Undergrad: 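I'd like to ask you about the structure that follows.
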Amino acid sequence: MTDDIFTESFERLLSGVCAPATVRGIEAGAASGPLWSALAEAGFADLLVSEEGGGAGFSLHDAAPLIEACGRHALPVPLAYTLLVRAALERAGAKPVDGPVTIADTPARALHEGIRCARVPFGAVSEWIVVTYDGACALWPTQAAQIERDGIHGSLDASLLWPSVPAAAISLEQADWRAAGAAITALMMAGAMERLLDMTIAYANDRKQFGKPIGKFQALQQQISLFAERTFATRMASRIACPAGQVPLDRRAVAVAKSYASAAAIDATAIAHAVHGAIGITAEHDLNLYTRRLHAWRRAFGAETAWHAELGRAWLRDTSSALDFTRAHLSPSIA
């Protein structure tokens, strides 16, 4: 019940401060500070911080519905990643940082001109980034970095280049940040797919052709049914990766979550655009806010092929049958 109250409150907040016009404005380069301030002042950035530290003491399982809501509203700031990092700062005994925090997709590389993190999710709207460099994990400020957006329309991803390791870097615990980013991203993808499905069903019921709603045609019903199957399976798969307690993520469960979400995003976006037809590709229609984001998240922290391969290797290393492997490592548990 408490989780439902938090989720309902968060949904109301996002409905008020994260309208499609706001999302488009931030994607175009408008300041994201006012939106971030509204989220931070409401306390949602500290959901995973302990109650003693001023947070809600949620586990990732508890916070999953709120992270899905970030995707459902195409939230253009990395609140979901910030939740994890603020909890990690508390465990490390470090002071919390202000501003949005994201996680680098891949380790930083030393180049002739400096240290580069390539294609960082939400890199264009973050003030801090979790960077893995030279075998260590740390939180690096973006203020000292050169930010290069990826050039894709409306994308919030960017590559960052620091001249050297920033003096303001904050050491973090050694953790599997790539798996953490993948788990969070899968949850956001589930939320975005739910929103796309709602939009697609509504349009199919409203749009008429040959004297009746196009949703009455069997061919479209079959496609929308597949869309619904993919959407709710994504939600189930993504929640498998969310532990109920303060325990490390299981990469095998993360592999199931992210591989399924990334593969399902292909069908979800294709069907949504097919049902909407030409109107769905216009810049003015809200559909692209979600389909563009799903394609970006599909590749973030590893696409389906990378996680399928990891899951396959994990099973091959195991001596049990496929069924026993699934029961032991891939079945949802909230204990």
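Keep in mind that what you see is a predicted model, and the values were worked out from it rather than measured. Throughout, numbering of the chain's residues begins at 1 and tracks the sequence.
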Undergrad: Knowing that exactly one of R299, R149, R119 qualifies, which makes a salt bridge (Lys or Arg N to Asp or Glu O under 4.0 Å) with D157?
TA: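 For D157, the salt bridge (Lys or Arg N to Asp or Glu O under 4.0 Å) test succeeds with only one of R299, R149, R119, which is R299.
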Undergrad: Please name all residues satisfying salt bridge (Lys or Arg N to Asp or Glu O under 4.0 Å) with E310, sequence neighbours left out, ordered by chain then number.
TA: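 Partners of E310 under the salt bridge (Lys or Arg N to Asp or Glu O under 4.0 Å) test: R251.
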Undergrad: A cation-pi test, strictly: NZ or CZ of K212 under 6.0 Å from the centre of the six-membered ring of F217 and no more than 45 degrees from its axis. Yes or no?
TA: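 Ring-cation test returns yes.
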Undergrad: Evaluate the criterion ring pair (Phe, Tyr, Trp, His ring centres under 6.0 Å) for residue pair W140 and W128; output intermediate values, then yes/no.
TA: CA-CA 6 Å; W140 289 14; W128 297 85; over 10 Å; no
Undergrad: Starting from I152, can I reach F301 by hopping between I/L/V/M/F/W/Y residues whose side chains sit under 4.5 Å apart?
TA: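 Hydrophobic grouping puts F301 apart from I152.
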Undergrad: Within the 3.5 Å criterion, strictly below it, is a donor on Y81 or S126 matched to an acceptor on the partner's side chain?
TA: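 Short answer, no.
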Undergrad: Can F44 and L83 be said to form a side-chain contact (heavy atoms from CB on, under 4.5 Å), step by step?
TA: CA-CA 8 Å; F44 287 105; L83 303 179; 5.7 Å; no
Undergrad: With rounding to the nearest 0.5 Å, note down the distance linking CG in L139 to OG in S171.
TA: 10.0 Å
Undergrad: I would like to know whether W315 and T326 meet side-chain contact (heavy atoms from CB on, under 4.5 Å); could you show each step before the answer?
TA: CA-CA 9 Å; W315 176 48; T326 301; over 6 Å; no
Undergrad: Do R178 side-chain atoms and D105 backbone N/O form a donor-acceptor pair below 3.5 Å?
TA: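 Flag set: sc R178 to bb D105 pair under 3.5 Å.
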Undergrad: Identify the two heavy atoms, one from V120 and one from A104, that lie closest to each other, and give their separation to 0.1 Å.
TA: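 V120 and A104 have their closest heavy atoms at CG1-CA, 4.1 Å.
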Undergrad: Using modelled atom types and a 3.5 Å cut-off, is there a donor and acceptor pairing between side-chain atoms of S9 and backbone atoms of I5?
TA: no
Undergrad: Quick check on the hydrophobic clustering: are I266 and I281 connected, directly or via other members, by side-chain heavy-atom contacts under 4.5 Å?
TA: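 No, because I266 and I281 fall into different hydrophobic clusters, even though each may have its own neighbours under 4.5 Å.
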Undergrad: Taking the side chain as everything from C-beta on, heavy atoms only, tell me whether P65 gets closer than 4.5 Å to R239.
TA: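 They are in contact (side-chain heavy atoms under 4.5 Å apart), so the answer is yes.
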Undergrad: Shared ILVMFWY cluster between I103 and V131, side chains joined below 4.5 angstrom?
TA: no
Undergrad: Restricting to non-hydrogen atoms, name the atom on S262 and the atom on G302 that form the minimum distance, rounded to 0.1 Å.
TA: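 For S262 and G302, the tightest heavy-atom pair comes out as OG-O, 4.1 Å.
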Undergrad: Just wondering, do R86 and V101 contact through their side chains at under 4.5 Å, heavy atoms?
TA: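 When only atoms from C-beta onward are counted, R86 and V101 do not touch, as no gap falls below 4.5 Å.
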Undergrad: Would a 4.5 Å heavy-atom cut-off, applied to side chains only, mark L220 and Q222 as touching?
TA: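 Counting from C-beta outward, L220 and Q222 never come under 4.5 Å.
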Undergrad: Out of curiosity, does L75 fall in the hydrophobic cluster containing I129 (side-chain heavy atoms, cut-off under 4.5 Å, transitive links)?
TA: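 No, separate clusters.
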Undergrad: Looking at every non-hydrogen atom in both residues, tell me the closest pair between I115 and S164 and how far apart they are.
TA: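 The answer is CD1-C, 3.8 Å.
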Undergrad: Could you tell me whether the side chain of D62 and the main chain of S59 form a donor-acceptor pair under 3.5 Å?
TA: yes
Undergrad: How close do A69 and L14 get, counting heavy atoms only, and between which atoms?
TA: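 Here A69 and L14 meet closest at O-CD1, 3.7 Å.
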Undergrad: Would you call V23 and R293 a side-chain contact if the rule is heavy atoms closer than 4.5 Å?
TA: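 Yes - at least one pair of side-chain heavy atoms lies under 4.5 Å apart.
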Undergrad: At their closest point, which heavy atom of T82 faces which heavy atom of G99, and how far apart are they?
TA: CG2-O, 4.4 Å
Undergrad: Which of these, V130, I67, L89, I184, sits in a side-chain contact (heavy atoms from CB on, under 4.5 Å) with L84?
TA: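 Looking at V130, I67, L89, I184, the match for L84 under the side-chain contact (heavy atoms from CB on, under 4.5 Å) is I184.
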Undergrad: Take N288 and T291 through the side-chain hydrogen bond (donor to acceptor under 3.5 Å, both in side chains) test and state the conclusion after the steps.
TA: CA-CA 5 Å; N288 72 90; T291 55; over 6 Å; no
Undergrad: Check the pair W36, V125 against side-chain contact (heavy atoms from CB on, under 4.5 Å), reporting the backbone distance first and the verdict last.
TA: CA-CA 10 Å; W36 181 259; V125 290; over 6 Å; no
Undergrad: Is N205 reaching over with its side chain to a backbone N or O of I201, donor-acceptor style, under 3.5 angstrom?
TA: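 Checked: pair present.
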Undergrad: If the plane angle is over 60° it's perpendicular, under 30° parallel, otherwise tilted; pick one for F122 and W297.
TA: tilted
Undergrad: If you define the side chain from C-beta out and look only at heavy atoms, does anything of L160 sit under 4.5 Å from R116?
TA: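 Side chain of L160 against side chain of R116, heavy atoms only: no contact under 4.5 Å found.
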Undergrad: Does L187 reach the side chain of C242, with side-chain heavy atoms less than 4.5 Å apart?
TA: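 Yes, at least one pair of side-chain atoms sits under 4.5 Å.
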Undergrad: For the residue pair L66 and F58, establish whether any side-chain heavy-atom pair is separated by less than 4.5 Å.
TA: yes
Undergrad: Between V85 and W177, is there a side-chain heavy-atom distance shorter than 4.5 Å?
TA: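 Yes. Closest side-chain heavy atoms under 4.5 Å.
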Undergrad: Check K258 with E304, please: is the shortest side-chain N to carboxylate O separation under 4.0 Å?
TA: no
Undergrad: side-chain contact (heavy atoms from CB on, under 4.5 Å) for D267 and F227? Distances and angles first, verdict last.
TA: CA-CA 7 Å; D267 289 334; F227 189 174; over 6 Å; no
Undergrad: Group every Ile, Leu, Val, Met, Phe, Trp and Tyr by side-chain heavy-atom contacts under 4.5 Å, then state whether Y260 and M188 land in the same group.
TA: no
Undergrad: One thing to verify: whether R24 and D286 come together as a salt bridge, which I'm taking to mean a side-chain N less than 4.0 angstrom from a carboxylate O.
TA: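 Counted as a salt bridge, because a side-chain N and a carboxylate O are separated by less than 4.0 Å.
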Undergrad: Restricting to non-hydrogen atoms, name the atom on V17 and the atom on A38 that form the minimum distance, rounded to 0.1 Å.
TA: CG1-CB, 4.1 Å
Undergrad: Return yes if a side-chain donor-acceptor contact under 3.5 Å exists between E11 and H73, otherwise no.
TA: yes
Undergrad: Going by an N to O cut-off under 4.0 Å, is there a salt bridge joining R235 and E68?
TA: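 Looking at R235 and E68, the cut-off is not met.
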Undergrad: Should we count CD of E51 as having more than 12 external heavy atoms under 6.0 Å?
TA: no
Undergrad: When you measure from the side chain of E90 to the backbone of K95, do you find a donor-acceptor pair of N or O atoms at a distance under 3.5 Å?
TA: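 Side chain of E90 to backbone of K95, a donor-acceptor pair under 3.5 Å: no, none is there.
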Undergrad: My understanding is that only residues two or more places apart in sequence, or in another chain, count here; which of them pass ring-ring contact (aromatic ring centres under 6.0 Å, His included) with H329?
TA: F325
